[in-house]
Number of protein chains: 2
Amino acid sequence: MLDCVTDKWTVLVLGLLRSGPWRFGQLRQGIEGVSQKMLTQTLRALERDGIVSREVFASSPPKVEYSLTPLGQSLAATLDELRLWAEQHMDAVLRHRSSYDAAAMRHEPVPVNRAGAAR
Amino acid sequence: MLDCVTDKWTVLVLGLLRSGPWRFGQLRQGIEGVSQKMLTQTLRALERDGIVSREVFASSPPKVEYSLTPLGQSLAATLDELRLWAEQHMDAVLRHRSSYDAAAMRHEPVPVNRAGAAR
DNA sequence: CAGCATCCTGGTAGATACTG
DNA sequence: CAGTATCTACCAGGATGCTG
């Protein structure tokens with residue numbers, strides 16, 4: 001259950017939809033790095049769970065709008081707090097991260113380049 | 001950034017640590033389905049980000065305790081709201097999900113078994 | 001007990017091509 | 001425009017064995 005709401009794309013999609021209905025292509029452009037496949041998949045899952053609603057306009061060119069259901073709005077609000085936390089504490093995290101890495105350096109003797117970088 | 005906080009195991013680990021310090025083995029048992037590898041990995045990442053602190057007791061047998069830093073406590077609190085949302089709305093989601101699936105059935109005619117199941 | 005190194009597998013996401 | 005279908009590659013994550 002947590003899996004579906006903590007999904008990366010889900011968080012981003014709901015972030016955009018908070019401001020009102022969006023078309024497929026708009027979402028695609030608004031979310032950097034999302035593939036058409038993942039966007040479709042994410043939206044289907046959200047629709048299935050009653051988080052977003054999908055409205056098809058039988059026009060030419062075809063047009064499909066996605067918007068939040070009431071349930072979706074409550075989730076989006078909750079997720080937004082998470083995003084807020086991330087924004088507010090990102091610098092603290094990054095700072096701690098680099099000092100941690102620096103400390104690790106001192107233990108792991110020589111970072112000799114044995115056949116390329118780490119990993 | 002969101003990736004690290006929306007990780008599955010992260011959420012579960014922080015959920016447990018809210019109640020105080022836990023030992024490695026306790027966490028392992030307290031979180032169903034987590035492998036030793038993933039738990040180690042998750043804890044390392046959280047330590048690196050300053051979310052949890054790791055205290056080693058040079059006793060025999062060895063003992064390592066994990067606890068939340070102040071930063072971690074704030075994150076844990078935020079994540080807990082998410083868990084709360086999930087609990088409160090899980091039934092609504094599941095209900096919508098089954099009605100959605102039922103509707104899909106009617107469109108996708110005969111679920112004939114063409115060489116194994118779907119996929 | 002806690003943790004690391006290694007190997008191996010399967011699901012997941014990307015790329016590509018086609019359709020209503 | 002908004003999808004579906006198919007193929008492939010990659011790497012997250014499980015299993016195993018060893019160490020301090």
Side-chain angles (χ1 to χ4, degrees), chain A residues 2-4 6-13 16-17 21-48 52-67 100 103-104 107-109 114-119, chain B residues 2-13 16-17 21-48 52-67 100 104 107-109 111-112 114-119:
Chain A
L2 274 177
D3 291 7
C4 64
T6 62
D7 175 71
K8 177 184 177 183
W9 301 125
T10 294
V11 178
L12 297 173
V13 166
L16 292 186
L17 288 186
W22 287 60
R23 298 185 52 179
F24 187 88
Q26 293 178 321
L27 288 172
R28 190 150 150 59
Q29 288 168 5
I31 301 176
E32 181 145 25
V34 72
S35 67
Q36 156 271 8
K37 178 184 174 181
M38 287 317 298
L39 184 54
T40 302
Q41 222 171 77
T42 302
L43 289 170
R44 280 290 173 286
L46 291 174
E47 187 194 358
R48 187 167 101 106
V52 308
S53 71
R54 177 173 180 268
E55 193 173 2
V56 181
F57 298 86
S59 56
S60 177
K63 173 176 164 185
V64 179
E65 270 191 2
Y66 294 91
S67 54
Y100 180 93
H107 300 307
E108 209 147 318
R114 303 200 315 247
R119 217 294 129 157
Chain B
L2 274 177
D3 291 5
C4 65
V5 304
T6 62
D7 175 70
K8 176 184 178 183
W9 301 125
T10 294
V11 178
L12 296 172
V13 165
L16 292 185
L17 288 186
W22 286 61
R23 297 186 53 180
F24 186 88
Q26 293 177 322
L27 289 171
R28 190 149 150 60
Q29 287 167 6
I31 302 176
E32 181 145 25
V34 71
S35 66
Q36 165 274 348
K37 179 183 174 181
M38 287 319 297
L39 184 54
T40 302
Q41 220 172 79
T42 303
L43 289 170
R44 280 291 173 287
L46 290 175
E47 188 194 357
R48 188 167 101 105
V52 309
S53 72
R54 177 173 181 268
E55 193 174 1
V56 181
F57 297 86
S59 56
S60 175
K63 174 177 163 185
V64 180
E65 270 191 1
Y66 293 91
S67 53
Y100 180 94
H107 300 307
E108 209 146 317
V112 184
R114 303 198 317 246
R119 219 293 128 151

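In what follows, chains carry the letters A, B, and so on, assigned in the order in which the sequence lines appear, proteins first and then strands, with residues in each chain numbered from 1. Because the structure is predicted, anything quoted here is derived from the model rather than measured.
Within the nucleic acid shown, B:R28 has no heavy atom closer than 4.0 Å to any nucleic acid atom.
We find that NZ of A:K8 is positioned 14 Å from P of D:dC11, with the value rounded to whole Å. Taking atom CG of B:L43 as the reference point, atom C1' of C:dC4 lies 14 Å away to the nearest angstrom. B:D3 has its CG atom 16 Å from the P atom of C:dT12, to the nearest Å. Atoms CD (B:E32) and P (D:dG14) sit 13 Å apart, rounded to a whole Å. Taking atom CE of A:M38 as the reference point, atom C1' of D:dA2 lies 17 Å away to the nearest angstrom. One can place CG of A:L39 at 13 Å from C1' of D:dC1, the figure rounded to the nearest angstrom.
Separation of atoms CG (A:L17) and OG (A:S53) is listed at 9.0 Å; rounding is to 0.5 Å.
Using a 4.5 Å heavy-atom cutoff, the side chains of B:W9 and B:L39 are not in contact. No side-chain heavy atom of B:W22 sits less than 4.5 Å from a side-chain heavy atom of B:V13. Residues B:L16 and B:L27 are in side-chain contact: their nearest non-hydrogen atoms beyond the backbone lie under 4.5 Å apart. Contact check for B:T40 versus B:Q36: side-chain heavy atoms found under the 4.5 Å cut-off. Side-chain contact check for A:K8 versus B:D3: some heavy-atom pair is nearer than 4.5 Å. Between B:F24 and B:Q29 the shortest side-chain heavy-atom distance does not fall below 4.5 Å.
Between A:F24 and B:D7, the residue anchored nearer the 5' end of DNA chain D, judged by the nucleotide with its closest heavy atom, is A:F24. Residues A:R44 and A:K37 both approach DNA chain D. Their nearest nucleotides, taken by heavy-atom distance, put A:R44 toward the 5′ side.
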B:T10 vs B:T42, side-chain hydrogen bond (donor to acceptor under 3.5 Å, both in side chains): CA-CA, chis, key distance, verdict: CA-CA 6 Å; B:T10 294; B:T42 303; 5.2 Å; no

Chi angles and distances behind the side-chain hydrogen bond (donor to acceptor under 3.5 Å, both in side chains) call for A:Y66, A:R54: CA-CA 5 Å; A:Y66 294 91; A:R54 177 173 180 268; 3.2 Å; yes

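Across its full length, the helix from C:dC1-D:dG20 to C:dG20-D:dC1 shows an angle of 50° between the axes of its 5 terminal pairs at either end, rounded to 10 degrees.
Side-chain atoms of B:Q26 and base atoms of C:dC1 include no donor and acceptor less than 3.5 Å apart. Remark: the A:Q41 side chain and the C:dT12 base include no donor-acceptor N/O pair separated by less than 3.5 Å.
Side-chain N/O atoms of B:Y66 include one lying less than 4.0 angstrom from OP1 or OP2 on C:dG3. Side-chain nitrogen and oxygen atoms of A:S35 include at least one within less than 4.0 Å of the OP1 or OP2 phosphate oxygen of C:dG14.
Counting only distance, with no hydrogens or angles, the side chain of B:Q26 and the backbone of B:R23 share a donor-acceptor pair below 3.5 Å.
For B:W9, the listed nucleotide lying nearest its side chain is D:dG14; candidates were D:dG3, D:dG14, C:dA2. Nearest to the side chain of A:Q36, among D:dC1, D:dT4, C:dG14, sits D:dT4. In the set D:dG14, D:dT4, D:dC1, D:dT4 carries the atom at the smallest distance from any side-chain atom of A:T40.
Contacts of residues 52-63 of chain B with DNA chain D (heavy atom under 4.0 Å): B:P62.
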